[in-house]
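Inspection log for the structure reproduced underneath, given as structure tokens.
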Amino acid sequence: MTVTDLVPYEDALATYDPVMGLEVHVELGTKTKMFCGCSAELGAEPNAQTCPTCLGMPGSLPVVNAIGVESAIKIGLALNCEIAEWCRFARKNYFYPDMPKNFQTSQYDEPIAYNGYLDVQLEDGEIFRVQIERAHMEEDTGKSLHVGGATGRIHGASHSLLDYNRAGIPLIEIVTKPIEGAGARAPEVAKAYVAELRELIKALGVSEARMEQGQMRCDVNLSLRPNGTETFGTRSETKNVNSLRSVERAARYEIQRHAAVLNSGAKVVQETRHFHEEDGSTTAGRIKDNAEDYRYFPEPDLVPVAPAREWVEELRKGLPELPRVRRNRLREEWGVSEFDMQSILNAGAVDLIVATTAAGAASDQARKWWMGELARQSNETGVALEELAITPAQVARVTELVASGDLNDKLARQVIEGVLAGEGDPDTVVEKRGLKVVSDEGALGAAVDEAIAANAAVADKIRGGKIAAAGALVGAVMKATRGQADAARVRELILEKLGVEG
């Protein structure tokens with residue numbers, strides 16, 4: 001099925017009701033792997049961070065990473081889950097080349113956290129509650145690199161390379177209950193949920209949750225049922241979606257694709273799907289197994305995990321301020337509307353503004369530059385706001401230079417441009433480019449005199465009472481000083497020299 005085969009989105013929703021299930025995998029930021037002492041740091045040479053345990057060698061025995069368990073409990077508590085008094089690991093059996101043991105150590109019917117929820121805020125301010133089925137511990141697989149094809153996938157590749165450095169990295173899988181009632185807003189709900197979950201994970205400090213690096217990935221399960229019915233349709237599972245925008249696009253595409261399949265009289269196949277960034281489409285992967293096909297059984301080499309209630313309560317008390325609570329506090333402190341706060345959140349600027357304020361900037365000035373000039377630079381270059389080559393401390397310094405009168409807004413934009421171009425910190429850029437505001441009264445007076453002499457007719461209009469005409473002379477002075485004059489002071493000098501009250 002091609003993109004052109006899709007049912008228009010509005011038509012699909014007029015007939016069918018979408019039901020979603022979101023499975024989010026989070027790589028924990030532990031120093032070592034989940035069941036062995038190998039380093040979990042990214043970027044090493046292929047297969048340099050392996051040992052008999054994570055390679056599944058006979059006779060090797062796993063040991064549970066205590067920090068991984070602690071991180072799982074923190075996530076469960078932040079998601080309003082119940083924390084199991086007793087749980088254990090299981091073997092999830094299936095063959096895949098990047099599974100060195102031919103099974104994945106995971107949790108099945110006895111997860112460490114279950115029955116929670118997360119409230120998410122949509123763009124118009126509506127709060128939508130997403131129910132959490134479970135959050136369980138497991139390990140990641142290795143990485144396959146398919147070589148010789150045009151797409152980077154196994155189809156068409158001449159051979160594949162395997163890197164087991166990632167095998168055994170601690171994962172927390174967070175699984176929602178079926179998400180019903182979102183209707184046409186289902187893709188938006190999916191995006192908002194993953195965004196809120198990412199902020200929560202980062203706030204807990206258990207992972208950097210960088211989706212572009214695979215530290216957080218979302219599987220989008222979706223099915224359609226005819227409007228007014230209760231029975232779920234057959235679901236598809238779009239695997240490893242790694243950006244917020246892509247989560248929304250994948251859900252939207254699958255709604256349109258499922259509707260086209262059902263309208264044609266065919267049946268939706270229960271399968272995994274691959275998401276394609278270039279056009280937002282999905283293509284078939286493999287037929288999706290049911291739980292019984294994985295032949296789960298308790299992991300015989302690991303003892304059960306039984307978190308002491310005192311420990312759980314200690315972790316609960318130590319939870320940081322959670323994202324929604326923090327945003328509401330900041331919104332009140334900053335004096336901004338719900339709409340403006342949502343815009344700041346959507347831009348990914350909350351932490352940047354907080355850090356810029358902490359570096360000495362007034363909050364309104366921090367918001368002004370991150371949501372103005374820097375957001376423009378981000379949009380034009382396609383670089384995420386937080387990835388721009390400028391730090392909150394540097395932005396704070398720019399605001400300080402503006403407040404002191406050394407820069408005006410126009411010059412400040414040039415300074416930011418220079419910092420982004422790698423020319424140095426703000427003070428270095430100011431010096432190299434000669435960007436300070438001309439504050440010498442003698443130099444400004446001379447520039448004003450020249451502008452008046454060159455524009456005698458305009459000067460006569462001002463003398464005659466048309467003060468608005470002073471803008472033309474201000475513009476002439478600003479041009480002569482390459483925008484480095486204080487426009488307000490220039491206007492004052494013009495009126496003084498022409499003997500007109502401002």
Side-chain angles (χ1 to χ4, degrees), residues 19-28 33-36 53-58 60-62 64-65 68-69 72 76 84 86-115 132-144 154 160 162 164 166-178 214 216-223 232-241 268-275 282 284-305:
V19 178
M20 293 187 301
L22 302 172
E23 302 172 18
V24 175
H25 292 81
V26 179
E27 284 188 0
L28 298 178
K33 294 185 180 182
M34 191 65 195
F35 302 112
C36 68
T53 299
C54 58
L55 288 177
M57 298 296 185
S60 60
L61 291 174
V64 175
N65 186 322
V69 175
W86 186 95
C87 64
R88 58 183 171 179
F89 287 95
R91 291 188 179 184
K92 182 180 181 181
N93 295 274
Y94 63 98
F95 171 76
Y96 209 68
D98 57 16
M99 289 278 293
K101 298 183 294 188
N102 285 344
F103 66 85
Q104 180 186 34
T105 305
S106 181
Q107 291 188 303
Y108 175 42
D109 56 343
E110 297 163 314
I112 193 165
Y114 57 93
N115 195 28
I132 305 296
E133 176 71 34
R134 56 195 281 138
H136 65 259
M137 300 177 286
E138 61 184 23
E139 61 181 339
D140 210 345
T141 62
K143 182 179 180 181
S144 299
I154 194 168
S160 298
L162 295 174
Y164 290 123
R166 199 176 68 185
I169 294 290
L171 287 182
I172 301 297
E173 182 176 357
I174 302 160
V175 182
T176 70
K177 294 180 180 179
M216 182 170 169
R217 320 186 281 274
C218 180
D219 299 341
V220 180
N221 292 268
L222 189 129
S223 67
F232 294 165
T234 302
R235 65 185 171 90
S236 62
E237 181 179 7
T238 305
K239 300 287 288 184
N240 295 326
V241 185
V268 173
V269 177
Q270 183 170 318
E271 62 188 356
T272 63
R273 307 279 298 180
H274 299 299
F275 180 75
T282 69
R286 62 180 175 84
I287 299 300
K288 177 64 178 177
D289 297 325
N290 290 314
E292 57 267 22
D293 297 318
Y294 291 119
R295 306 187 318 282
Y296 282 100
F297 65 85
E299 168 56 74
D301 293 335
L302 288 170
V303 297
V305 176

- Message: Is there a side-chain contact between Leu302 and Thr105 in this structure, where contact means two heavy atoms from C-beta onward sitting under 4.5 Å apart?
- Response: yes

- Query: Ile172 and Ala135: which non-hydrogen atoms are nearest, and at how many Å?
  - Reply: CG2-CB, 4.3 Å

- Message: Once salt bridge (charged side-chain N to carboxylate O under 4.0 Å, His left out) is applied, do any residues pair with Arg88, and if so which ones, sequence neighbours excluded?
- Response: Glu110

- Message: Could you check whether any side-chain N or O of Glu299 sits under 3.5 Å from a backbone N or O of Asp301, counting only pairs where one atom can act as donor and the other as acceptor?
- Response: yes

- Query: Judged by atom type as modelled, is there a donor-acceptor pair below 3.5 Å linking the side chain of Lys101 to the main-chain atoms of Leu55?
  - Reply: no

- Output for pair (Leu22 CG, Asn221 CG), nearest 0.5 Å, gives 7.5 Å

- Item | Between CE on residue Met34 and CE on residue Met137, distance to nearest 0.5 Å | 5.0 Å

- Item | Partners passing side chain to side chain contact (heavy atoms under 4.5 Å, CB included) against Asn102 (at least two apart in sequence or in another chain) | Phe95

- Item | Stepwise side chain to side chain contact (heavy atoms under 4.5 Å, CB included) check, Glu23 with Cys218 | CA-CA 6 Å; Glu23 302 172 18; Cys218 180; over 6 Å; no

- What residues form a side chain to side chain contact (heavy atoms under 4.5 Å, CB included) with Pro300, not counting sequence neighbours? Arg91, Phe297

- Decide yes or no for Asn240 and Asp219: does some side-chain heavy atom of the first lie under 4.5 Å from some side-chain heavy atom of the second? yes

- Can you tell if the side chain of Pro97 reaches within under 4.5 Å of the side chain of Leu162, non-hydrogen atoms only? yes

- Do we see a donor-acceptor contact under 3.5 Å between the side chains of Thr282 and Arg273? yes

- Does Phe89 have its ring centroid less than 6.0 Å away from the ring centroid of Phe35? yes

- Query: How long is the span from the CD1 atom in Ile132 to the CG atom in Asn115, to the nearest 0.5 Å?
  - Reply: 10.0 Å

- Task: Please identify each residue that fulfils side-chain hydrogen bond (donor to acceptor under 3.5 Å, both in side chains) with Lys143, with sequence neighbours left out.
- Result: none

- Answer whether the closest heavy-atom distance between the side chains of Pro178 and Phe232 falls below 4.5 Å. yes

- Item | Separation of Glu173 CD from His25 NE2 (nearest 0.5 Å) | 3.5 Å

- Does Tyr294 have Lys92 sitting over its ring (NZ/CZ under 6.0 Å from centre, angle to axis within 45°)? yes

- Message: Checking Arg134 now: which residues fulfil salt bridge (charged side-chain N to carboxylate O under 4.0 Å, His left out) with it, not counting sequence neighbours?
- Response: none

- Message: I'd like to check Arg217 versus Leu171 (side-chain heavy atoms, cut-off strictly below 4.5 Å). Are they in contact?
- Response: yes

- Message: Restricting to side-chain hydrogen bond (donor to acceptor under 3.5 Å, both in side chains), what partner residues turn up for Thr234, sequence neighbours left out?
- Response: none

- Spacing of CG belonging to Asp140 relative to SG belonging to Cys54, to within rounding of 0.5 Å: 12.0 Å

- Message: Within the 4.5 Å heavy-atom criterion, are His136 and Tyr114 side-chain neighbours or not?
- Response: no

- Glu138 meets the salt bridge (charged side-chain N to carboxylate O under 4.0 Å, His left out) criterion, sequence neighbours left out, with none

- Query: Run the side chain to side chain contact (heavy atoms under 4.5 Å, CB included) check on Tyr96 and Gln104 step by step: do they pass?
  - Reply: CA-CA 10 Å; Tyr96 209 68; Gln104 180 186 34; over 6 Å; no

- Query: Is Glu139 paired with Arg166 through a side-chain N to carboxylate O contact shorter than 4.0 Å?
  - Reply: no

- Message: Can you see whether Thr272 engages Glu237 through a side-chain donor-acceptor pair at a distance of less than 3.5 angstrom?
- Response: no

- Item | Partner residues of Ser236 under the side-chain hydrogen bond (donor to acceptor under 3.5 Å, both in side chains) criterion, sequence neighbours left out | Glu254, His258

- Note on the structure: For Pro111 and Ala84, the nearest pair of non-hydrogen atoms, with its separation, is O-CB, 3.5 Å

- Give the minimum heavy-atom separation between Tyr296 and Ala90, together with the two atoms involved. CD2-CB, 4.2 Å

- Asp98 side, atom CG; Thr141 side, atom OG1 - distance, nearest 0.5 Å: 4.0 Å

- For Val269, check side chain to side chain contact (heavy atoms under 4.5 Å, CB included) against everything at least two apart and list the hits. Glu271, Ile287

- Message: Restricting to side-chain hydrogen bond (donor to acceptor under 3.5 Å, both in side chains), what partner residues turn up for Gln107, sequence neighbours left out?
- Response: none

